[in-house]
There are 2 protein chains.
Amino acid sequence: MLPGVSVYTPGQVVEETGFSLDTLRYYERIGLLEPIGRNAAGQRRFTQEDVGWLGTIRCLRDTGMPIAEMLRFAELVRKGDHTIRDRIALLEAHDRRVEAQVDNLREKQAAVQNKINYYRSVVD
Amino acid sequence: MLPGVSVYTPGQVVEETGFSLDTLRYYERIGLLEPIGRNAAGQRRFTQEDVGWLGTIRCLRDTGMPIAEMLRFAELVRKGDHTIRDRIALLEAHDRRVEAQVDNLREKQAAVQNKINYYRSVVD
DNA sequence: ATCCCACCTGGAGCACACTCCAGGTCAAGC
DNA sequence: GCTTGACCTGGAGTGTGCTCCAGGTGGGAT
């Protein structure tokens, strides 16, 4: 293989990103990914940039951003550099939600731990 | 109102727990709540204990426990005190998942924040 | 040549957790 | 006595995010 621009097969992208092949196709279909390049046989060949974008998607998904909002973000990215302030605003709003989410998680987790400790005190 | 055992109307439980009336009925239907007591007209009257249990449900739900597992937990509670060790095991396993979830959230949030900072550096 | 495997498409199906609806009951206030 | 509003039931519908399927292509190893 010529080491030109580095290119990934679907299988390699599944490996790298943890998204299933079906999910990758789904993301392309709904426009979360730009149309992925193809080889002569019509098979997808992902660029480094595609894989990087999928890393971003992974962060946003894992922090609970709905797909609809990721689509809005993708749209901003597509529109070019003059949307950077909007992207900051979108990500900051998301970041605040993540913060709240972590706080709530921690609070409820503490309650679960109290319950565990109560049960331990009963059982000992 | 006689201040006997304290009793809650559906509306009051919605208020207290943040679950919708439909969700409360749904939880009763699937057996996550024991059958709720009724007044003469067939309307639900929740006890303090029901509301307390709903608080537990709220913690488990908010920390991402699937309903199927909450059902298993409810089952253990129903079966009585000899299941306390099993309950501890179930909650500890859940607690570990919550811990992992928070860690992942924090990690991905940091990446989002890096992105924000990068965008800020571009825009400034 | 043949087999296998990774990949392709369009479209249907699924799991989860609710949420809504039609049609009805009852009690309280005007 | 009528309206309003909170509540009831069984059952259907919804949104989200995938996931699976049938039927087919093309390339590399044996």
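Every heavy atom of this structure was used, including side-chain atoms; hydrogens, water molecules and symmetry mates were not. Below, read A as the first sequence line, B as the second, and so on, with proteins coming before strands; counting in each chain starts at 1.
- With hydrogens and angles ignored, no donor-acceptor pair under 3.5 angstrom links the side chain of D22(A) to the base of dC18(D).
- Taking every heavy atom of residues 64-71 of chain B and every atom of DNA chain D, no pair lies under 4.0 Å.
- Salt-bridge check for E99(A) with R96(A): failed, with every basic side-chain N at 4.0 Å or more from each acidic carboxylate O.
- Looking at every heavy atom in both residues, K108(B) comes nearest to C59(A) through CD-SG, 3.8 Å.
- With dC18(D), dC8(C), dT19(D) as the choices, the nucleotide that has an atom nearest any side-chain atom of Y27(A) turns out to be dC18(D).
- In this structure, L24(B) atom CG and dC7(D) atom P are separated by 10 Å, rounded to whole Å.
- Both the sub-6.0 Å distance and the 45° axial angle are not jointly satisfied by R45(A) relative to the ring of Y8(A).
- Between H94(B) and V98(B) the shortest side-chain heavy-atom distance falls below 4.5 Å.
- Nucleotides of DNA chain C nearest to Y26(B) and G42(A) differ in position, and the one nearer the 5' end is that of G42(A).
- For R61(A) and dC18(D), the shortest distance from a side-chain N or O to OP1 or OP2 is below 4.0 Å.
- For R25(A), no side-chain nitrogen or oxygen approaches OP1 or OP2 of dC21(D) to under 4.0 Å.
- Note on T23(B): a side-chain N or O is less than 4.0 Å away from OP1 or OP2 of dT19(C).
- Taking only side-chain nitrogens and oxygens, R29(B) never comes nearer than 4.0 Å to OP1 or OP2 of dA17(C).
- Within the model, atoms CG of L91(B) and CZ of F73(B) stand 4.5 Å from one another, a figure rounded to the nearest 0.5 Å.
- For the OP1/OP2 pair of dA6(C) and a distance below 4.0 Å, the side-chain nitrogens and oxygens of T9(A) include no atom meeting the criterion.
- In terms of phosphate contacts, R38(B) brings no side-chain nitrogen or oxygen within less than 4.0 Å of OP1 or OP2 of dC26(C).
- One hydrophobic cluster, built from ILVMFWY side chains closer than 4.5 Å, holds both M65(A) and Y26(A).
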